[in-house]
Amino acid sequence: MTLRLYNTLTRSVEEFKPSNPDNVVRMYCCGPTVYNYAHIGNLRTYVFEDLLRKTIKRAGFSLKHAMNITDVGHLTSDADDGDDKMLLAAEKEKLSVLEIARKYEDTFFKHTAALNIERPDIVCRATEHVEDMIKFVKKLEDNGYAYVSNGNVYYDTAKFPRYGCLSGQNREELKHGSRVEQDTNKRNPSDFVLWFTVSKFKDQILQWDSPWGRGYPGWHIECSTMAMKYLGERLDIHCGGVDHIAVHHENEIAQSEGYLGHKWCSCWMHGEFLQMKDQKMSKSKGNFITLDTLVEKGYLPEHYRYLCLTSHYRSSLVFSYDNLDAAANAYRNLLGKYKEFGQAATENNSRSENLYQDYLRQFDGFMFDDLKTPQALAVLWAVVKDKEMAAADKYKFLNNIDVLLGLGLAKNLAAETSTSAEIPADIMALVEERKQARINKNWAKSDELRDLLASKGFIVKDLPKNEVEISIA
Ligand code: AMP
Ligand code: ZN
């Protein structure tokens, strides 16, 4: 089956083909800026990239996937203005800049693991690649794309005629309108800093020696440098959220192609934003929801992942607790069905292989067509409700597709079962006694024991094959 993906560069869904002769897909994703927790909006983008990663592999390709950690250089505006985000956080939390970076990097990976997001093959920190960035900037200077002005090194966007190709805007339109202060050192408004030596921040702690003086890199240079270092000169896919299109990714293209002298990345993919009903979720303003907030309220990380799947990655998704409750209900229902099919599957062998294969083809057809997750979920529910299909095949189907969807069905079922292992022995004895009563069709005794269990705080739900689900009232 062919894999088709939407390319922001061409504004169309295209058949995907790797560009290197070894057929290995090289994918780079912009990673987190680690000065605060990733919010659930950021995490939506990483869920999308995880689905993409798994879909590429499912389509039969080998994959090399790299992601950076921005632990230096990202100002509060994409356009080189504002304050240094890392520095602000360090001052606020009374930690060093690197302590802040490691703290939020660790939490980021805890959250992504909880959402069943696989770790990229290569994770690279900006602070550990500054020498590479300096060499990159030096070559841009040698190639005539960079100039020094008042101590800083700038990229000259006028030298790169394709500037604006990703967002479809010309350089004049890309003036970064939200600028707080005009940088009078720039030759063109869309030029951007490659290397700062004149620091606006007197306390700037992370600084390195360079041919232009002691200083630190601009934000955009890290992604071009590390993507090229780990993935080579021809990138297949570059991802990020839609906010990166107009500035960060335009700048990455200008830097990389100015450096290489040829085209760099063939397919650019962007995840739409998670929106709040009444306000913008903003990491720098601190008004956001984290995965921990959801878990504290009793949701599973997979409830949020399920919510993400209900909407296509190119559509914006409005977050509300009502939407999350609906996703959590659907998930609980699915987990219950998964358990039921699993129990039946042990006694009931596969006998609907054709149906299984048909559904799998439909499911893959939607996922391979630009990750159409809402339609793929509809196939999942058609399988759950199918009256012809054997439970064993439904169970096999759910296990198969969950490798891709990452809903953690097997994991959460095991967690549920281990919780029931903590139920006291006297309660388990009553449950067993009730089971015998039901086998003997002694319904009165069964009801009496159910009421007794309820009076002791345990709710019993009957499942097929005389199995029960016990929960604490
Ligand atoms: P940051 O850590 O701010 O650099 O952002 C990490 C990733 O999250 C980037 O790919 C952003 O484009 C993306 N992102 C930022 N805000 C949102 C949002 N509200 N919804 C979805 N993705 C977002
Ligand atoms: Zn980037």
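Just so you know, ligand 1 is whichever comes first in the structure, and atom 1 is the first atom listed for that ligand. Quick caveat: nothing in here was measured; it's all calculated off a predicted structure. Side-chain atoms are counted along with the backbone in the values below, which use heavy atoms only and exclude waters and symmetry mates.
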(message) Here's one to test your reading of the geometry: is the NZ or CZ of R119 within 45 degrees of the ring axis of F109 and under 6.0 Å from its centre?
(response) yes
(message) Among the N, O or S atoms of E252, which one sits nearest to the Zn ion (ligand 2)?
(response) OE2
(message) Working to 10°, measure the angle at the Zn ion (ligand 2) formed by atom NE2 of H248 and atom SG of C223.
(response) 110°
(request) Give yes if a backbone or side-chain nitrogen or oxygen of G241 is under 3.5 Å from a nitrogen or oxygen of ligand 1, and no if not. (result) yes
(request) Would you kindly specify which portion of D243 sits under 4.0 Å from ligand 1, judged on non-hydrogen atoms: side chain, backbone, both or neither? (result) side chain
(message) For atom 21 (C) of ligand 1, tell me which residue out of G41, C308, G240 has the closest non-hydrogen atom.
(response) G41
(request) Assess M281 for proximity to ligand 1: is some non-hydrogen atom of it under 4.0 Å away? (result) no
(message) Could you report the tightest heavy-atom contact between G31 and Y46, atom names first, then the distance?
(response) C-OH, 3.1 Å
(request) Might you confirm whether atom NZ of K92 has over 12 heavy atoms from other residues, nucleotides or ligands at distances under 6.0 Å? (result) no
(request) Measure from the Zn ion (ligand 2) to each N, O or S atom of C30 and report whether any distance is below 2.8 Å. (result) yes
(message) I need the atoms of ligand 1 closer than 4.0 Å to a non-hydrogen atom of P32, numbered in the order shown.
(response) 2 (O)
(request) Give the single entry among I69, T45, I245 that approaches atom 22 (N) of ligand 1 most closely by any heavy atom. (result) T45
(message) Among E105, H111, M67, exactly one meets side chain to side chain contact (heavy atoms under 4.5 Å, CB included) together with P32. Which residue is that?
(response) M67
(message) I want to check a possible cation-pi pair here: K64 against Y230, using under 6.0 Å from ring centre and within 45° of the ring axis as the test.
(response) no
(request) Using the six-membered ring wherever Trp is involved, compare the ring planes of F319 and Y321 and label them parallel, tilted or perpendicular (cut-offs 30° and 60°). (result) perpendicular
(request) Kindly identify the option in F273, F319, Y46 whose heavy atom sits closest to atom 17 (C) of ligand 1. (result) F273
(message) Heavy-atom pairs closer than 4.0 Å: do any link ligand 1 to the side chain of H39, the backbone, both, or neither?
(response) side chain
(request) Give me the ring orientation class for Y155 and F192: parallel if the planes are under 30° apart, tilted from 30 to 60°, perpendicular past 60°. (result) parallel
(message) Given the ring of Y259, does K139 sit roughly above its face, with NZ or CZ under 6.0 Å from the centre of the six-membered ring and within 45° of the axis?
(response) yes
(message) Is there a polar contact between ligand 1 and E272, counting only N or O atoms under 3.5 Å apart?
(response) no
